[in-house]
2 protein chains.
Amino acid sequence: MDHLDAARIMAADCLCYRARRAARAITRAYDTALRPIGLQATQVTLLNAIALGPESTRSMGQLAEIMALEISTLTRNLRPLERAGVIAISRSATDRRVRLVRLTETGKTRLAAALPHWRRAHAEITATLGDEPARDLRIALDHATQTMKAAERSPCSGT
Amino acid sequence: MDHLDAARIMAADCLCYRARRAARAITRAYDTALRPIGLQATQVTLLNAIALGPESTRSMGQLAEIMALEISTLTRNLRPLERAGVIAISRSATDRRVRLVRLTETGKTRLAAALPHWRRAHAEITATLGDEPARDLRIALDHATQTMKAAERSPCSGT
DNA sequence: AGAAATAACTTGCATATACAAGTTAATCCG
DNA sequence: CGGATTAACTTGTATATGCAAGTTATTTCT
């Protein structure tokens, strides 16, 4: 079993390769469409998750959980959004360890303004993929995220 | 249509959100399994693509095309691999603009050594997802990458 | 109440990713 | 042949991502 066999086997089956490659291609398409409003796809996604919280507010822990994102990554991803004034971060009054991320009025406006651009990207991509494959992809991705998250939490499968 | 409606719509359907979230979860699992050999999943993926070229060599342009990756990203992703001595970069003799990326002997050894760890990750993940959903995901991701790449190249759908 | 453990983050460090602008080499064309 | 164009990268700048280690606040336990 030399390196060529190994490479053949891994390249033929690797889900990480495929998931990342597809994510790159899809992200580029959304980013292009969102360019006019000056927000990246990942940023709009974060704003969505914040907006859907009570009072358009989420704790960092909740956000990390929702996004399946390391909290340390979240800390930094929020920085440009805070600088842009679309979110504000404060400490919880009831538990001062907790940081609450809130959508500002500016943020609400920007998010509402993002929708038509997002729609355009979404329409373009589903047209490119085809309706059926797009739905299949969506379902497969959701299933993967859910089961992987569950597995991370379970003690026995870790490493 | 306020920001809340917008957030609901986008969160409910966004493929970018889902693709990136799933890619993160999957990547974490592969990275964990590959830890012992000191290579990340993305790096092993790159090495695979190089290994499968003639003489275990690829030009940067070929690599970027295969990986659906910006060539500027590729330049930097190759850096740590070069530093680690698993690849070597040289100029093509026939076209001195072209950079040829070659797997070194060390690289071949490391890649072969990665296989069992990769297998472990792959087995764990397919077990977590289930065989059928894992295959569906793989097919959906490949289809997405292929069609998106084709669309990027076609002149009319761009932006 | 006070020490120990835990929870929720932040920071340090390293890699991953992309667009725009710059560089070098090949090709095209008058 | 020589200027203009194109091709293949690299660099500058900024965001995205994760692990390990550090910080601050709460909880637990004696």
Side-chain angles (χ1 to χ4, degrees), chain A residues 16-17 19-32 34-35 38-46 58-65 67-84 86 89-101 152 158-159, chain B residues 16-17 19-32 34-35 38-46 58-65 67-84 86 89-101 152 158-159:
Chain A
C16 184
Y17 167 38
R20 294 186 69 89
R21 195 179 45 167
R24 283 193 294 268
I26 292 172
T27 301
R28 268 196 296 267
Y30 278 93
D31 276 348
T32 300
L34 290 172
R35 192 88 63 91
L39 288 172
Q40 301 200 353
T42 50
Q43 299 178 325
V44 171
T45 296
L46 253 179
R58 296 269 198 205
S59 74
M60 298 202 47
Q62 288 171 339
L63 274 179
E65 166 70 16
M67 306 283 298
L69 198 63
E70 277 294 306
I71 198 166
S72 66
T73 300
L74 188 59
T75 297
R76 296 175 226 244
N77 287 5
L78 292 178
R79 219 93 82 173
L81 295 174
E82 195 178 14
R83 218 169 27 225
V86 292
I89 301 176
S90 59
R91 280 173 177 248
S92 163
T94 56
D95 183 342
R96 297 195 50 77
R97 291 172 303 183
V98 172
R99 251 80 167 184
L100 295 177
V101 185
E152 270 178 21
T159 311
Chain B
C16 184
Y17 167 38
R20 294 186 69 89
R21 193 178 48 167
R24 283 194 294 267
I26 292 171
T27 301
R28 268 198 295 267
Y30 278 93
D31 275 348
T32 300
L34 290 172
R35 192 89 61 93
L39 288 171
Q40 301 200 351
T42 50
Q43 298 178 325
V44 170
T45 296
L46 253 179
R58 296 268 198 206
S59 73
M60 298 202 49
Q62 288 171 340
L63 275 179
E65 166 71 16
M67 305 282 299
L69 198 63
E70 277 295 307
I71 199 167
S72 67
T73 301
L74 188 59
T75 297
R76 298 177 224 243
N77 288 4
L78 291 177
R79 220 92 83 173
L81 295 173
E82 194 177 16
R83 221 175 18 232
V86 292
I89 301 176
S90 60
R91 278 172 177 250
S92 163
T94 55
D95 184 342
R96 298 194 51 76
R97 291 171 302 181
V98 172
R99 252 79 167 186
L100 295 176
V101 185
E152 270 177 23
T159 308

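In what follows, chains carry the letters A, B, and so on, assigned in the order in which the sequence lines appear, proteins first and then strands, with residues in each chain numbered from 1.
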Are OP1 or OP2 of dT23(C) and a side-chain N or O of Arg96(B) less than 4.0 angstrom apart? no
Listed partners of Arg91(A) passing side chain to side chain donor-acceptor pair (under 3.5 Å), at least two apart: none
If I take atom CG in residue Leu63(A) and atom P in nucleotide dA16(D), what distance separates them, rounded to the nearest angstrom? 14 Å
Return the minimal non-hydrogen interatomic distance between Cys16(A) and Ile26(B), and the atom names on each side. CA-CG2, 3.8 Å
Can you spot which of Leu34(A), Asn77(A), Asp31(A) makes a side-chain contact (heavy atoms from CB on, under 4.5 Å) with Gln40(A)? Asp31(A)
Each nucleotide in nucleotides 6-16 of chain C should get exactly one letter: B, S or -. Can you fill that in based on protein heavy atoms under 4.0 Å? -BSSBBBB-SS
Could you pull out all residues at least two apart from Ala29(B) that satisfy side chain to side chain contact (heavy atoms under 4.5 Å, CB included)? Met148(A), Ile125(B)
Using modelled atom types and a 3.5 Å cut-off, is there a donor and acceptor pairing between side-chain atoms of Arg24(B) and backbone atoms of Glu70(A)? no
In this structure, how many angstroms lie between the P atom of dA20(D) and the CZ atom of Arg28(B), rounded? 13 Å
Could you state the CZ-P distance from Arg21(A) to dA18(C), rounded to the nearest angstrom? 13 Å
Return the value, rounded to whole Å, for the distance between atom CZ of Arg35(B) and atom P of dC19(D). 6 Å
Report the residue from Arg58(B), Glu65(B), Met60(B) that forms a side-chain contact (heavy atoms from CB on, under 4.5 Å) with Gln62(B). Arg58(B)
Within this structure, what is the CG-to-P distance between Asp31(A) and dA20(C), rounded to whole angstrom? 11 Å
